[in-house]
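Chain letters run A, B, ... following the sequence lines, proteins first and then strands; every chain starts at 1.
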Protein chains: 2
Amino acid sequence: MSRLAADKDLLIVRVAELYYEEGKTQDEIGALLDLSRFKVGRLLSQARADGIVRIEIVHPRARRLGLERQLRDRFGLHEAVVVPASNSADEDLKRVAQAAADQLTMLRPVPRTLAVSWGRTLTAVASSLEDGWARGVTVVQMNGGVSVNRRPGGAAPLAAAIAKRAAGHAVLLPSPAILDRLETKRAIESDRTIAGVLDQAAKADAYLFTAGVCDESSAHVENGYLSAGDVDELTRRGAVGDVLGRYVDADGNIVDPELDSRTLGLGLDQLRAAKVAIFVTAGQAKHDIARTVVRGGLCTTMVTDEDTARALLEEV
Amino acid sequence: MSRLAADKDLLIVRVAELYYEEGKTQDEIGALLDLSRFKVGRLLSQARADGIVRIEIVHPRARRLGLERQLRDRFGLHEAVVVPASNSADEDLKRVAQAAADQLTMLRPVPRTLAVSWGRTLTAVASSLEDGWARGVTVVQMNGGVSVNRRPGGAAPLAAAIAKRAAGHAVLLPSPAILDRLETKRAIESDRTIAGVLDQAAKADAYLFTAGVCDESSAHVENGYLSAGDVDELTRRGAVGDVLGRYVDADGNIVDPELDSRTLGLGLDQLRAAKVAIFVTAGQAKHDIARTVVRGGLCTTMVTDEDTARALLEEV
DNA sequence: ATCGAAATTGCTCATATGAGCAATTAGCTG
DNA sequence: CAGCTAATTGCTCATATGAGCAATTTCGAT
């Protein structure tokens with residue numbers, strides 16, 4: 001045994017320091033510490049395996065490929081994109097948005113029609129897209145959301161921005177997200193213009209969407225479609241969030257069918273059936289709804305941050 | 001140029017991900033990205049050089065060998081020990097203390113007589129020493145410090161603890177750190193017992209000491225030797241801290257000769273002359289006095305934390 | 001104390017990588 | 001556009017490292 005061997009971990013630390021910080025070869029380290037180079041090599045492997053040596057890729061555009069593979073395997077996703085955790089929620093969102101923009105830009109074949117939902121997350125994606133990310137894409141709004149309040153994240157400006165940067169055009173859904181009365185929703189839905197847009201959305205080549213949280217910070221509350229009391233009631237019924245305005249519980253079941261019937265836009269079955277459905281999410285508030293989306297097969301591609309990926313993978 | 005080359009850094013990130021996270025060879029990566037393996041190798045070197053790939057040794061007993069070498073080179077130290085930054089000041093102190101304990105334990109030849117100062121930092125070192133760290137070491141107190149208040153960090157218990165763990169014995173200096181009157185200090189200093197201890201300390205084989213800050217948290221204030229007003233005055237005179245109770249400015253000059261004359265214990269010249277003088281320090285509050293110590297040649301070995309090392313090396 | 005199984009070690013040979021060099025390419029200046 | 005310099009690239013050859021295997025050592029049970 002070597003002279004230094006008071007403690008195995010301490011030996012591993014010393015070996016790792018000589019190799020990674022001093023740049024010495026395994027042979028040189030062996031000579032210094034009275035060990036064979038094979039033993040030194042094994043100690044280094046162990047240092048990496050035990051996390052004593054940590055090799056990290058530090059860059060805003062970096063990905064976490066290991067987590068991506070685990071997400072694909074665990075949830076049967078066609079593709080997963082995970083970006084490294086940063087020091088703030090805002091930076092996490094920016095990185096996720098940039099990664100989603102990258103995914104859209106690299107999508108092959110290029111979609112001729114792209115259906116989009118709306119919210120702050122997708123607004124960030126739109127901001128990250130470069131001009132010319134594609135050419136001639138028709139961007140169709142797939143759920144209601146005329147902006148009642150003047151806040152960022154409105155559906156119409158978002159779809160328009162994405163379309164503009166692809167030298168395409170936007171097809172808007174001029175309807176509120178949720179109607180007060182079922183009759184009104186049915187009337188709007190039957191209008192030839194609205195029906196045409198929904199039909200176009202249903203036939204889109206690809207879908208880009210995010211999910212909403214079920215609390216006061218919800219875009220629906222911000223935009224006046226729901227009150228704080230409404231979302232409290234939805235939470236009581238087990239809702240973990242919404243997809244395309246459809247409030248669902250952890251198992252993906254609609255928690256309030258009556259409310260759902262008054263909600264205008266594509267249904268979740270249409271996402272399930274899609275060949276390309278890109279789900280973009282960031283932040284801990286959306287962990288629950290994110291889990292529901294990937295478990296429920298509502299997306300083919302997920303773009304998210306490291307903490308969300310770890311949270312989804314943690315569960316037995 | 002490769003198909004992916006929209007951005008050089010992005011290429012570097014992708015290459016680094018495939019190599020370090022996917023475990024692919026440089027040949028394999030070259031084939032995937034339409035690059036030569038030599039180009040891949042260069043990109044990886046650049047990734048490490050630019051900090052995009054960060055290789056870190058994460059362990060409480062880890063050292064920062066690069067910083068150690070720089071400290072030795074810059075300040076002419078015989079030895080420097082730097083431990084990685086942790087998440088808290090307490091943990092930093094524990095790591096520095098453990099490293100100092102390691103240094104003492106590995107010191108060759110084993111000192112027959114070890115002179116020690118006192119304070120919270122050395123108390124932590126004493127706590128980190130293992131029983132049997134050496135055999136038969138005489139631990140001599142080298143500056144006054146009978147505990148007036150009952151607080152951890154007292155000189156006598158500290159020397160005793162270090163001695164006990166070395167199956168040795170302690171030689172205490174039964175005197176206050178600072179006397180009220182010069183006559184009293186001279187009388188105590190002349191006492192044969194006290195003179196004998198000081199003489200033994202002066203002839204010690206090795207010295208272990210820390211430095212004190214010049215503010216209200218000073219051990220001298222805590223122990224009642226100085227008032228808060230006293231240290232304010234010392235600060236006004238340019239003091240950055242104390243070594244063995246000797247308050248000095250950034251250049252190592254005694255700021256209050258009168259106070260100094262009433263201070264009992266070895267002088268700084270004796271540290272300067274020592275063959276082995278181990279200086280232990282942690283925390284930002286001591287950066288200034290730490291700089292004075294290493295610049296002034298008051299130690300041969302420095303044991304400190306990463307942030308202190310970087311601060312000392314930062315200055316032109 | 002013995003025996004068997006598991007763990008560890010040192011080795012051979014193949015693979016992976018880097019240093020230094022010559023050739024090529026890119027960029028700048030006149 | 002030409003010429004020169006700097007930067008970059010691909011290569012050879014040597015070095016560094018890892019996989020798989022046989023031998024050795026360690027450990028636990030009887």
Side-chain angles (χ1 to χ4, degrees), chain A residues 1-59 61-66 68-70 73, chain B residues 1-59 61-70 73 130:
Chain A
M1 211 174 209
S2 86
R3 296 185 284 264
L4 266 186
D7 177 14
K8 180 70 177 301
D9 262 19
L10 198 50
L11 180 61
I12 291 178
V13 166
R14 294 292 163 257
V15 163
E17 285 164 349
L18 290 166
Y19 189 75
Y20 286 107
E21 292 189 31
E22 297 294 279
K24 289 186 185 305
T25 68
Q26 294 175 14
D27 248 340
E28 287 170 336
I29 295 169
L32 275 172
L33 304 186
D34 200 28
L35 304 165
S36 75
R37 78 158 178 89
F38 311 103
K39 171 78 171 177
V40 173
R42 289 190 171 97
L43 292 170
L44 288 170
S45 290
Q46 197 177 335
R48 291 187 294 268
D50 292 349
I52 290 177
V53 164
R54 187 174 298 171
I55 302 180
E56 207 173 13
I57 295 157
V58 184
H59 190 276
R61 302 293 274 273
R63 305 242 301 249
R64 289 286 177 261
L65 301 181
E68 292 181 1
R69 184 170 44 254
Q70 288 181 67
D73 292 348
Chain B
M1 212 176 210
S2 88
R3 295 185 283 262
L4 267 186
D7 175 16
K8 180 70 176 302
D9 262 19
L10 197 51
L11 181 61
I12 289 178
V13 166
R14 294 292 162 257
V15 163
E17 284 164 348
L18 290 166
Y19 189 76
Y20 286 106
E21 291 189 35
E22 296 295 279
K24 291 187 185 302
T25 68
Q26 295 175 13
D27 249 340
E28 288 169 338
I29 296 170
L32 275 171
L33 305 185
D34 201 30
L35 304 166
S36 74
R37 81 160 178 86
F38 312 104
K39 170 76 171 178
V40 172
R42 289 193 172 94
L43 291 171
L44 288 169
S45 290
Q46 195 177 336
R48 291 188 293 269
D50 292 349
I52 290 179
V53 164
R54 187 173 299 168
I55 302 179
E56 207 173 12
I57 295 158
V58 184
H59 190 276
R61 302 294 275 272
R63 302 237 310 243
R64 288 286 178 262
L65 302 181
L67 291 175
E68 293 182 2
R69 184 173 40 257
Q70 290 182 65
D73 291 347
E130 287 185 10

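- In this structure, A/Lys39 places its NZ atom 18 Å from P of D/dT24, rounding to the nearest Å.
- Computed from coordinates, the B/Glu28 CD to C/dA16 C1' distance equals 10 Å when rounded to whole Å.
- Computed from coordinates, the A/Asp27 CG to C/dC11 C1' distance equals 13 Å when rounded to whole Å.
- Between the CD atom of A/Gln46 and the C1' atom of D/dG18 there is a distance of 16 Å, rounded to whole Å.
- One can place CG of A/Leu44 at 16 Å from C1' of D/dA19, the figure rounded to the nearest angstrom.
- When the P atom of D/dA16 is taken as reference, atom CD of B/Gln26 falls 16 Å away, rounded to whole Å.
- Distance, B/Lys24 NZ to D/dG18 C1': 18 Å, rounded to whole Å.
- Taking the side chain as every heavy atom from C-beta outward, B/Arg42 and B/Ser45 never approach each other to under 4.5 Å.
- For A/Ser36 and C/dT9, the shortest distance from a side-chain N or O to OP1 or OP2 is not below 4.0 Å.
- C/dT17 atom C1' lies 12 Å from atom CD1 of B/Ile29, rounded to whole Å.
- Mapping A/Phe38 and A/Thr25 onto DNA chain D by nearest heavy atom places A/Thr25 closer to the 5' end of the strand.
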| Passes side chain to side chain donor-acceptor pair (under 3.5 Å), B/Tyr20 versus A/Arg48? Steps please. | CA-CA 11 Å; B/Tyr20 286 106; A/Arg48 291 187 294 268; over 6 Å; no
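- Nearest-nucleotide mapping onto DNA chain C: of A/Arg42 and A/Arg37, the residue sitting toward the 5' end is A/Arg42.
- Side-chain nitrogen and oxygen atoms of A/Tyr19 include at least one within less than 4.0 Å of the OP1 or OP2 phosphate oxygen of D/dT17.
- A/Lys8 places a side-chain heavy atom less than 4.5 Å from the side chain of A/Leu43.
- A salt bridge links B/Arg64 to A/Glu21: at least one charged side-chain nitrogen sits closer than 4.0 Å to a carboxylate oxygen.
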